[in-house]
Amino acid sequence: QVQVVESGGGLVQAGGSLRLSCAASGRPFSSYAMGWFRQAPGKEREFVATITGSGGITYYADSVKGRFTISRDNAKNTVYLRMNSLKPEDTAVYYCAANRGGPTALAGEYDYWGQGTQVTVSS
């Protein structure tokens with residue numbers, strides 16, 4: 001069993017930055033690929049970024065590529081999402097998830113989910 005807890009959300013102006021954190025319990029953390037997803041009001045949950053257990057490989061949605069960076073610190077059992085050049089369309093609840101398999105953009109492949117953290121970008 002893995003528990004996942006996100007933090008770091010908030011209100012930011014367009015063009016600003018935020019860093020989300022995701023702390024995961026359970027061992028070994030490095031055996032899980034981790035992903036970030038988001039869900040805006042009235043929309044389906046969508047993939048944002050994912051990272052392998054070692055942190056060596058990352059994948060991004062086209063909408064965030066070049067602006068967001070996913071990283072992890074396995075010693076701290078934490079994965080991060082650095083978000084730069086934020087846009088109003090980035091407003092959503094951001095979820096962190098753990099996958100016992102490899103990195104994937106498919107939400108259904110993830111085994112454990114956090115409760116989410118709200119990110120609001122004002123214009």
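Only a predicted model underlies this, so the values are computations on that prediction, with no experimental measurement involved.
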Worksheet item: Taking the six-membered ring for Trp, are Trp113 and Phe37 parallel (under 30°), tilted (30 to 60°) or perpendicular (over 60°)?
Response: tilted
For [X] and [Y], indicate whether the former's side chain and the latter's backbone hold a donor-acceptor pair under 3.5 Å.
| X | Y | value |
| --- | --- | --- |
| Asp111 | Arg100 | yes |
| Gln3 | Ser25 | no |
| Tyr110 | Thr104 | yes |
| Glu6 | Gly116 | yes |
| Asn84 | Ser17 | no |
| Arg72 | Gly55 | no |
| Thr91 | Val121 | yes |

Worksheet item: So, Phe68 versus Trp36, ring centres under 6.0 angstrom or not?
Response: no
Discussion item. Looking at Tyr59, I want to see if its OH is surrounded by more than 12 non-hydrogen atoms of other residues, nucleotides or ligands under 6.0 Å.
Written reply: no
Fill in: Residues Asp62, Lys65: salt bridge by 4.0 Å N-O rule
yes
Worksheet item: Could you go step by step and tell me if Thr78 and Phe29 meet the side-chain contact (heavy atoms from CB on, under 4.5 Å) rule?
Response: CA-CA 8 Å; Thr78 301; Phe29 177 67; 5.7 Å; no
